[in-house]
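Beneath this line is the structure, given in structure tokens, with notes to follow.
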Amino acid sequence: MLGRASKRLMSTRVLKIAQGIDKNRVNSLGYETRKNLLNEINAANADPSVKAIVIAGSDHSSAFSAGADITEFNASGEFQSPSLHDLIETLESVQKPTVAAIKGVALGGGLELALACKYRVSDPRAKVGLPEVLLGIIPGAGGTQRLPRLSSVKFALDTITSGRMIKAKEAFDNNVLDGIAPDGQSVEEFASSFALSSASNSAEDLAARNLSTRSVSGDTSTNDAMCDAAKEKLPQPHMGGEAVHGAVDAIKASYESGKSFEECIETEMSIFMDLLANSAQGRARRHAFFAERIATGLPRGAPKPTSPLPNKVGVIGAGTMGAGIATCFLRAGYDVTLVDVNAEGLARGEKIVQVNLSQDVKRGRATQERADKNLSMMKTDTSLTGLSEVDMVVEAVFENMDLKKKIFKELDGIVAPHTILCTNTSTLDIDEIGGVVKDSSRTMGMHFFSPANVMKLVENVHSKHTSEQTISDVTAHTKKIGKIGVLVGNCDGFVGNRMVAPYTGEAAFCVEEGAGVGDVDSAIVDLGCAIGPFTMGDIAGNDIGYLIRQEKGWADGGAPAGLRYTDIPDNIVKDLGRIGQKAGKGWYDYDPKIGKGRVPMHSEEVETWLEKARGEGVLFEDKDLVERSLFPLVNEGFKILEEGICARPEHIDIIYIYGYGWPVWRGGPMYWADKQVGLEHVLKTTERYYEKYGGSEWWQPSQLLVDLVKEGKSVYKWANDKSKSKL
Ligand SMILES: C[C@H](O)CC(=O)SCCNC(=O)CCNC(=O)[C@H](O)C(C)(C)COP(=O)(O)OP(=O)(O)OC[C@H]1O[C@@H](n2cnc3c(N)ncnc32)[C@H](O)[C@@H]1OP(=O)(O)O
């Protein structure tokens, strides 16, 4: 005999998005999926025994749906029929209760599909969102029209222009969801009951298209004021804001008086299509989306990471960096042992961790309970012997080769044979550090960016000794702690800092030739970068750069004959003590009362000093400053690829987006050079400057760049061809 619940389920049909298309891990709404789902919706609608329809994610995926299939996007904007639009229109026209049962994520077109159902319910841990602007487009399947009708113009503005993920509770509070399944009950079962208990309601009244935006969101003038205020705060269209401005325009259409729902949808569609076809920002953003997945994935043919991933980690060095790294592991639920040479150092480190975790609570990223639990997983020790049981060590003492080697040697006699030994360094030779232990295959570099508890990027540096299994495991650990881990090879400065050296070096030459410090920085910021080279120097510490040049033997008159060298960056430290933000003065002045002492302000002292050092200032064109600073950086990127220091240009793009404030809407420096500037122009300019400034180290064109221009080939195509030839 059937129980009551089973009888109810019998008259509800559950349609699973992308069921059977196992390669579609996120239930994206590609052609096959749209076609199948449309057929199933039509069949269920036509079947009189079906009283209600539930739309759910497939069994093989943890998502409801990640939205439109981004790989189908192309400049023509042509989608194979049935389009997502057709699917959604059909679903909304069904005259039976329809319920979206959301588990995991419902994003973009996935949420738009759900918004076309009469009801939406979710698992308590589900998240929904319309992240299209992050891909340089706007929701193009009704999202900008149905969301404000169901919730409010205010909520739609916030969520659509930020692209953020919304937790189930917030979505419920804003009428996006109609119910949240109790913990322990399957969302499909909850949705089926929901559908049948709502079967008597008039389905037609519930369709989002039939709701009036004005009735839920206030009058037109209030909405207009909100939209205008939102636009004021958004980045300008030419500075990465094309999509967000388009999104506000589409939301505006949702409350325009006298406009039918179909006309509103037409407005949305025309903005969507225009961005898809014409926005270079959008193409760059979509490149960055896939580049991130390529750059953070395991190398082709790599072994699977150890499973389950062990979770006891030791961090050596309780300074700001070590404590920041310990925070990252604690947040991800690891057992952490923090080691420093003395109790005071440890107490200071513990305090930093505590502050970091309490900031998570203040910013709403963790509950107090969670932060307390994470903190309770930390042990401290003043001896390396405290690390005898850990599975991985991240050494984060200061940059000194002898000290790091001593620590690795000592660890060799303490840790278990499976323990992975990582060193956090931005400059030192990983081959040499790892070379001192018996089994160097378990050694690797992890270059965290400062502050480690905030910055997402980690350059995972393999040495000549590192085994494939160690690479896989470190990659998995990096992912688990929520970082963007990019695999790179061992060389001076690895990838990011190696490319920075010619950039800051050439910027200094521009200043020596008469450019203003602020002019160089502004030219780079106007391109979209977060900061320019001189602000970067002030943040990193001009004394650090000076020290590195001293160690190389170049500072204080030691530069080799024939090498172009300017001592201005050395002398600003030696003569003026302007070591950077930490001293309140560097290339700029800083006032502790303004922006926590981090806002760069023009310095009269620097200007007067520069005039004495190099003469009157000269006006440079912004374009020249950009090319002089960034082409050597890009040229170095080609040399890095040529040497095999990293596998693909996407790795460099992602390092720069996450580690150096490169604008995502310019897709990364290699993408910018390849797709926006053009390699031929990069090469010609580089050759011209090589002739003019041949004495600089960095103007010699990379052979790879020369070859690509000769063949008329993109660097991405080169990388694809190279990886195919390895199969
Ligand atoms: C008309 C509409 O309005 C337009 C749209 O819908 S545009 C699409 C809007 N949706 C999005 O932006 C969501 C994009 N996806 C994501 O944010 C994340 O992938 C996710 C949160 C869904 C899952 O994250 P996570 O579990 O870490 O898996 P992740 O590695 O990112 O993705 C798994 C695979 O699915 C792919 N994928 C994810 N979303 C995709 C999508 N919408 N289309 C095509 N492929 C997608 C990824 O490229 C990756 O492929 P790979 O294994 O070959 O590298």
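First listed ligand is number 1; within each ligand, the first listed atom is number 1.
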Protein N/O near ligand 1 N/O, under 3.5 Å, which pairs?
| residue | atom | partner | partner atom | Å |
| --- | --- | --- | --- | --- |
| ligand 1 | 3 (O) | Glu112 | OE1 | 2.7 |
| ligand 1 | 3 (O) | Glu132 | OE2 | 2.5 |
| ligand 1 | 3 (O) | Gly140 | N | 3.0 |
| ligand 1 | 6 (O) | Ala68 | N | 2.9 |
| ligand 1 | 6 (O) | Gly109 | N | 2.8 |
| ligand 1 | 10 (N) | Ala66 | O | 2.8 |
| ligand 1 | 31 (O) | Arg293 | NE | 2.8 |
| ligand 1 | 31 (O) | Arg293 | NH2 | 3.1 |
| ligand 1 | 42 (N) | Ala66 | O | 3.2 |
| ligand 1 | 42 (N) | Ala68 | O | 2.8 |
| ligand 1 | 43 (N) | Ala68 | O | 3.4 |
| ligand 1 | 43 (N) | Ile70 | N | 2.9 |
| ligand 1 | 52 (O) | Arg25 | NH2 | 2.6 |

Hey, are [Y] and [X] close enough side-chain-wise for a donor-acceptor pair under 3.5 Å?
{"X": "Thr327", "Y": "Asn356", "value": "yes"}
{"X": "Tyr716", "Y": "Glu650", "value": "no"}
{"X": "Ser254", "Y": "Gln145", "value": "no"}

Q) Phe155: what forms a ring-ring contact (aromatic ring centres under 6.0 Å, His included) with it, not counting sequence neighbours? A)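 So Phe155 forms no ring-ring contact (aromatic ring centres under 6.0 Å, His included) with any residue.
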Q.
The criterion is ring-ring contact (aromatic ring centres under 6.0 Å, His included); which residues satisfy it with Phe329, sequence neighbours excluded?
A.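 For Phe329 the ring-ring contact (aromatic ring centres under 6.0 Å, His included) partners, ignoring immediate neighbours, are Tyr334.
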Sequence neighbours left out, cut at 3.5 Å: what donor-acceptor pairs do the side chains of residues 102-117 make with other protein atoms?
| residue | atom | partner | partner atom | Å |
| --- | --- | --- | --- | --- |
| Lys103 | NZ | Ser61 | O | 3.1 |
| Glu112 | OE1 | Gly109 | N | 3.4 |
| Glu112 | OE2 | Gly140 | N | 3.4 |
| Glu112 | OE2 | Ala141 | N | 2.8 |
| Glu112 | OE2 | Gly142 | N | 3.3 |
| Glu112 | OE2 | Gly143 | N | 2.8 |

